[in-house]
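The figures here come from the full heavy-atom set of this structure, side chains too, leaving out hydrogens, waters and symmetry mates. Quick note on labels: first sequence line is chain A, next is B, and so on, each numbered from 1.
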Amino acid sequence: MTRPDFRDDAPAPAPRPGGLAARALAASRPAAYLDGLNPEQRRAIETLDGPVLVLAGAGTGKTRVLTTRIAHIISTGRAYPSQILSVTFTNKAAREMKERIGGLLGDVAEGMPWLGTFHSICTKLLRRHAELVDLRSDFTILDTDDQIRLMKQVIAAADLDEKRWPARQLAMLIDSWKNRALTPKKVSAGEAMAFANGHGAELYAAYQARLKTLNACDFGDLLLEAIRLFQENPEVLAEYQKRFRYILVDEYQDTNVAQYLWLRLLAQRKGAAAPVRPDAITDDTGSPRPNICCVGDDDQSIYGWRGAEVDNILRFEHDFPGAAVIRLERNYRSTGHILATAAHLIANNEGRLGKTLFTDDEAGEKVTVTGAWDSEEEARLINDEIEAYQHKSHRLNEIAILVRASFQMREFEDRFVTTGVPYRVIGGPRFYERMEIRDAMAYLRLVNQPADDLAFERIYNTPKRGLGEAALGTFHAYARAAGVPLLEAARQLCQTEDLKPKVRQTVRDLTENFARWRANLETMRHTDLAEMILEESGYTDFWKKDRSAEAAGRLDNLKELIRSMEEFENLQGFLEHVSLVMDAAEGEAEDRVTIMTLHAAKGLEFETVFLPGWEEGLFPHQRALDENGRAGLEEERRLAYVGITRAKRRSKIYFATNRRMHGLWNATIPSRFIDELPEAHVEVTEAPGAGYGGYNRSHGGSRFDALQPFGGSSYATPGWQRAQTRSAPGPEARGKTGWAGGGARSAQPRLLEGELIAKSTGTPARFVAGTRVFHIKFGNGTVADVDGNKLTVDFDKAGRKMVLESFVQGG
DNA sequence: CGCTAGTCGGTTTTT
DNA sequence: CCGACTAGCG
């Protein structure tokens, strides 16, 4: 959060980049780290000149390629560690890479100053050149909470109704603009309309101005300001273009527009790049082609909703002409049936670069599909299966339940609590996002940086000390008038008569506390100081007095916070770390089943993977379909692909016929993704439990007929249409129409499904302009316009509204 | 200013 | 059905 680190890229002491002789030697006797690589991996590592795109399918050794490539660059003397830019998305990935490079090369990896997340690398750049982007090098990095608080102020300052225009929404909007590298000026009028009747861009500009006054950046700014730094200061850009002889990017399919632009700036090589040092050994013949290597998998792009552009990876060859494209298709993780199933499923997506995973491993167990009567039975079946594995001495750490939405987790937790199966849930609020940790952090931030107004606002009345909106208003007014930060304003106000005596005393105590704590900053050990602050502020007492169930846990967390500070030399170091690395290492010591979302599971692997909740509406999620049409569906399908490919030996899919959602029970139908699985590699198992007699398995035809909860109908209704029908309100309507798929689907499922999917974003035949419709909330009306699944309807009572097609019934 | 009864909404998540 | 957030009172 604060002090810059200028010592980051001291040249690596060893090994000295090898001379020609050393390289010749390396060529004649391949280095040990190249042993055991397959030809494609080897090509991905040894193709060092020019742009390279490595399409690394699930389980094909992606991290190994990345880390070995770096080791190779270093040990062949092509670059010092400090001349390699290597970006990841998560701190976890960065950590893992550092460890593995260390394993390959020994302690040289210590000298990889430019291996990190996009955000941490941008932070480093900005701290160095802060003055060029109107910041001071000790600028603060805001978290989401601070962001919202600031946004609220901006909205209030613009005299807008906070109810009508929630700060959260503006924050999301600005975030999405920043993801696309849109500065306030570049936001189009149409986009700006999305908030406060066209004031969106103005508010955005006002927010940015506030950030500058606060000497602060939000996460999006780290990227954007770094881009601005480069664009406005070509000499700075040139310095880094020269420095970074090699660029590596992990998970390229997840990059957003801003990250792409940032990379492109750095990768530009205008004309011949002169050797950085006279003794540098390089193949660089003056070619302007950048040595950028992006590794990713378009089939695992599941973050479109937060700004990732699959297009970046699809367009790579166009962006970097002459790029080598290397496909890693040999899978080292899963057995044959699992891979074949995943491949068949993902083949339903269009617009992919195309890869087919294969393995030399055995076929193994087939992927299973199991139906349950309801979500409770689903949990019971999975629990029982896990207990059976437990008795066969399977390790619980090698078993995971991967859900689409976190509300599904609860059912499993409930079940495991009663049966005593140990489990762990990944996700939920992370350590540094917990309220008590954020509060404590705000105290520390304010001691470290008395001008941190957002930290002040967070804790001036936490714990409760009788200061409210009124007091804060006084602080603000004074601060603005005097041009001082809030804490200083509060201190000075104690000298005046502006505060009521009682309030004045409280404020005086508070400001004096901060002065005292700050005086101890240099002398005391930072952990002791932190303990003292939490004690003297009354914060720990506040939780000790709290009798609620979670109070004890919160106190534990505070202790843990102090403990984690020990690893840092001082408070500044700790705060900087926390603002960027929001995760805390978690213990994996005990043997437990893991429950997590599919998103969280990307990059992980387990022997056995349970995939519950494969039902239309839940997976694919209705909202993904409604809001993003076919693109949304394809992303859901990639998510399914990610899920199946997490398994080393067993992938087990489940669906329930009834699921409770927001309190009430809904009849559901199996996911279209189940229809898309290849028959030869999938085994449909019957629920051994009772209470699942709803399916008629007596007739021949598609095995999936047995999975249909309802009998035949006059027309074959494919998955997406069933989903549409399902959303129509009223169980009676459903009962009459029925959703049976019928055997037609299994004949040529993909083609059929493909056609119908294509139609799903087009105009549904159900409604045309002029049709009379009924909406459960707005009543009767006439369709005025149709746009995909969105209807503009003139309601008799409610007026003109945009509604989703699935929420109205034909009149 | 702080508590409590009502309303509203309810994928996915990193930095 | 549950939790997060707000209006309105003590």
Side-chain angles (χ1 to χ4, degrees), chain A residues 1 87-94 116-123 141-148 162-163 166-168 172 175 178-179 217-224 226 250-251 254-256 258-259 301-308 375 402-411 426-430 432-433 435 461-473 500 502-503 506 576-583 596-603 613 617-628 632 635-636 638-640 642-643 659-666 777:
Chain A
M1 211 164 284
V87 275
T88 63
F89 273 84
T90 62
N91 292 298
K92 195 177 159 204
T117 62
F118 279 100
H119 297 266
S120 67
I121 289 170
C122 285
T123 304
I141 299 165
L142 301 192
D143 65 18
T144 335
D145 268 24
D146 299 327
Q147 232 184 95
I148 304 273
E162 232 263 80
K163 312 274 129 56
R168 211 159 265 289
M172 274 168 52
D175 242 23
K178 288 186 176 175
N179 282 338
C217 273
D218 65 21
F219 283 121
D221 283 338
L222 295 175
L223 254 300
L224 277 198
D250 190 17
E251 305 281 17
D254 288 339
T255 49
N256 62 32
Q259 287 154 342
S301 162
I302 56 175
Y303 286 113
W305 51 274
R306 68 175 195 210
S375 41
L402 309 182
V403 297
R404 173 66 245 262
S406 43
F407 75 85
Q408 292 172 261
M409 294 179 176
R410 214 190 143 149
E411 202 99 49
I426 309 281
R430 284 169 312 152
Y432 288 110
E433 280 167 9
M435 176 177 45
N461 194 34
T462 305
K464 306 259 187 289
R465 42 175 80 91
L467 302 176
E469 284 300 318
L472 184 63
K500 290 193 199 116
K502 208 177 146 195
V503 174
T506 312
E576 171 80 27
H577 170 84
V578 172
S579 62
L580 283 171
V581 185
M582 292 295 283
D583 60 348
M596 65 176 137
T597 63
L598 287 158
H599 283 93
K602 193 169 83 154
L618 176 59
F619 192 33
H621 201 281
Q622 193 59 47
R623 260 177 90 161
L625 305 183
D626 287 344
E627 286 167 17
N628 293 307
E635 185 155 310
E636 294 288 298
R638 291 194 287 268
L639 203 47
V642 166
R659 186 172 295 274
R660 195 171 43 202
M661 286 171 106
H662 343 288
L664 31 106
W665 284 96
N666 278 100
K777 199 154 139 206

Notebook entry, point to check: Between A:H599 and A:W305, is the ring centre distance below 6.0 Å?
Noted result: yes
Under 4.0 Å, heavy atoms only, any strand: does [X] hit a base, just the sugar-phosphate, or nothing?
X: A:A624; answer: base
X: A:N461; answer: sugar-phosphate
X: A:L223; answer: nothing

Check: Say you draw a straight line from CD1 of A:I141 to CD of A:E576; how long is it, rounded to the nearest 0.5 Å?
Finding: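 The CD1 atom of A:I141 sits 5.0 Å away from the CD atom of A:E576.
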Next item on the list: Determine the interatomic distance between P on C:dG3 and the same-named atom on B:dT12; round to the nearest Å.
Entry: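 15 Å, rounded to whole Å.
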Check: Once each nucleotide of nucleotides 1-10 of chain C is scored for protein heavy atoms under 4.0 Å, what B/S/- sequence comes out, 5' to 3'?
Finding: BS----S---
Item checked: side chain to side chain contact (heavy atoms under 4.5 Å, CB included) against A:N256, all qualifying residues, sequence neighbours excluded -> A:N179, A:A258, A:Q259
Item checked: Partner residues of A:M172 under the side chain to side chain contact (heavy atoms under 4.5 Å, CB included) criterion, sequence neighbours left out ->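 Testing A:M172 for side chain to side chain contact (heavy atoms under 4.5 Å, CB included), a comparison that skips the adjacent residues, returns none.
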Please list, for nucleotides 12-15 of chain B, all pairs of protein and nucleotide N/O atoms separated by less than 3.5 Å.
{"residue": "B:dT12", "atom": "OP1", "partner": "A:S406", "partner atom": "N", "Å": "2.7"}
{"residue": "B:dT12", "atom": "OP1", "partner": "A:S406", "partner atom": "OG", "Å": "2.3"}
{"residue": "B:dT12", "atom": "O4'", "partner": "A:R404", "partner atom": "NH2", "Å": "3.2"}
{"residue": "B:dT12", "atom": "O2", "partner": "A:W305", "partner atom": "NE1", "Å": "3.2"}
{"residue": "B:dT12", "atom": "O2", "partner": "A:R404", "partner atom": "NH2", "Å": "2.7"}
{"residue": "B:dT13", "atom": "OP1", "partner": "A:T597", "partner atom": "OG1", "Å": "2.6"}
{"residue": "B:dT13", "atom": "O4'", "partner": "A:R306", "partner atom": "NH1", "Å": "3.4"}
{"residue": "B:dT14", "atom": "O4'", "partner": "A:R306", "partner atom": "NH1", "Å": "3.4"}
{"residue": "B:dT15", "atom": "OP1", "partner": "A:N91", "partner atom": "N", "Å": "2.8"}
{"residue": "B:dT15", "atom": "OP1", "partner": "A:N91", "partner atom": "ND2", "Å": "3.3"}
{"residue": "B:dT15", "atom": "OP2", "partner": "A:R430", "partner atom": "NH1", "Å": "3.2"}

Next item on the list: Taking A:D218 for its side chain and A:D221 for its backbone only, find out whether a donor-acceptor pair lies under 3.5 Å.
Entry: yes
Margin query: Reading DNA chain B from 5' onward, which residue's closest nucleotide shows up sooner: A:L472 or A:H621?
Written below: A:L472
Notebook entry, point to check: Which of parallel (below 30°), tilted (30 to 60°) and perpendicular (above 60°) describes A:F219 and A:H119?
Noted result: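 Perpendicular.
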Check: Can you name the salt bridge (Lys or Arg N to Asp or Glu O under 4.0 Å) partners of A:R465, sequence neighbours left out?
Finding: none
Next item on the list: Please identify each residue that fulfils salt bridge (Lys or Arg N to Asp or Glu O under 4.0 Å) with A:R623, with sequence neighbours left out.
Entry: A:E627
Checklist line | Anti versus syn assignment for B:dT12, with syn defined as within 90° of 0 | finding: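 Nucleotide B:dT12 adopts anti.
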